[in-house]
Amino acid sequence: MKEIKAIIQPFMAEKVIDALAVIEGLPGITVSEVKGFGRTRGRVQSSDDESIRCLKKTKLEIVVPDALVPAVVESIKQHAHTGNIGDGKIFVLPVEHAIRIRTGTQDDVDS
């Protein structure tokens, strides 16, 4: 199992989520509104303000079987891309265990 975390532009979130929802076997998505900055330190190209500030982003968190990782990553890349600075990043991390709180079952990410 892998956890895919994607930090994307908020205005692209609905498009990305809709694209992910059609992937067969996708267990679910957690969506959070977050703030942060990357290489540009929060500076906007068109702004005269040179201070560092946190920008609004949307974070998607998805735990999937290894076989779904390429499809999920490609879908996010395709649907979150604008070509502008700040499009975001995708992180893929290993997941050691998944435990369903209601039933106590483990490593049951597919159900």
Side-chain angles (χ1 to χ4, degrees):
M1 286 184 294
K2 299 284 191 267
E3 179 181 20
I4 301 169
K5 292 185 182 189
I7 310 297
I8 63 172
Q9 296 280 13
F11 65 89
M12 299 300 282
E14 188 172 336
K15 179 180 174 185
V16 173
I17 293 165
D18 287 347
L20 290 170
V22 301
I23 296 175
E24 187 70 32
L26 188 79
I29 303 170
T30 299
V31 181
S32 305
E33 293 179 9
V34 297
K35 291 182 181 182
F37 64 85
R39 282 192 233 169
T40 63
R41 302 291 183 243
R43 293 184 185 99
V44 180
Q45 284 182 325
S46 61
S47 175
D48 292 334
D49 181 9
E50 285 297 317
S51 63
I52 295 175
R53 58 194 160 135
C54 293
L55 302 173
K56 290 182 182 178
K57 298 289 181 175
T58 298
K59 178 169 70 169
L60 308 176
E61 297 173 283
I62 311 155
V63 177
V64 297
D66 290 349
L68 282 183
V69 171
V72 171
V73 168
E74 188 56 39
S75 184
I76 295 168
K77 281 173 39 182
Q78 180 181 352
H79 293 93
H81 180 265
T82 68
N84 296 318
I85 292 173
D87 271 355
K89 280 213 169 131
I90 301 169
F91 304 92
V92 180
L93 303 106
V95 173
E96 290 187 30
H97 298 287
I99 298 122
R100 186 178 302 275
I101 294 172
R102 179 178 57 86
T103 63
T105 56
Q106 292 190 29
D107 300 325
D108 192 24
V109 76
D110 294 329
S111 306

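Reckoned from all heavy atoms, side chains included, excluding hydrogens, waters and symmetry mates. As the structure is a prediction and not an experimental result, all values here were calculated from the model.
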Rounded distance (nearest 0.5 Å) linking atom CD1 of Ile99 with atom CG of Asp107: 7.5 Å

In one Ile/Leu/Val/Met/Phe/Trp/Tyr side-chain cluster, 4.5 Å: Val16, Val92: yes

Atom of Ala13, atom of Ile8 and distance for their closest heavy-atom approach: CA-CD1, 3.7 Å

Inter- and intrachain pairs under salt bridge (charged side-chain N to carboxylate O under 4.0 Å, His left out), touching residues 68-89, at least two apart: Glu74-Lys77

Hydrophobic cluster identity match, Ile23 and Ile17, side-chain contacts under 4.5 Å: yes

Path from Ile90 to Val72 over hydrophobic side-chain contacts below 4.5 Å: yes

Minimum heavy-atom distance Val95-Glu3, with the two atoms named: CG2-N, 3.4 Å

From Ile4 atom CD1 to Leu20 atom CG, the distance as rounded to the nearest 0.5 Å: 8.5 Å

Thr82 versus Asn84, closest heavy-atom pair with distance: OG1-N, 3.1 Å

Fellow cluster residues of Ile101, listed by chain then number, with links counted only when side-chain atoms sit under 4.5 Å apart: none

Fellow cluster residues of Val22, listed by chain then number, with links counted only when side-chain atoms sit under 4.5 Å apart: none

Side-chain hydrophobic cluster, 4.5 Å single linkage: members besides Val34: none

Nearest-0.5 Å distance, CE of residue Met12 to CD1 of residue Ile76: 12.0 Å

Partners passing side-chain contact (heavy atoms from CB on, under 4.5 Å) against Ala19 (at least two apart in sequence or in another chain): Ser75, His79

Spacing of Lys15 atom NZ and Gln78 atom CD [to the nearest 0.5 Å]: 8.0 Å

Pairs involving residues 16-36, ordered by first then second residue, that meet salt bridge (charged side-chain N to carboxylate O under 4.0 Å, His left out) (sequence neighbours left out): none

Donor-acceptor list for residues 55-68 side chains, cut-off 3.5 Å, not counting sequence neighbours:
residue, atom, partner, partner atom, Å
Lys57, NZ, Gly86, O, 2.7
Asp66, OD1, Met1, N, 3.2

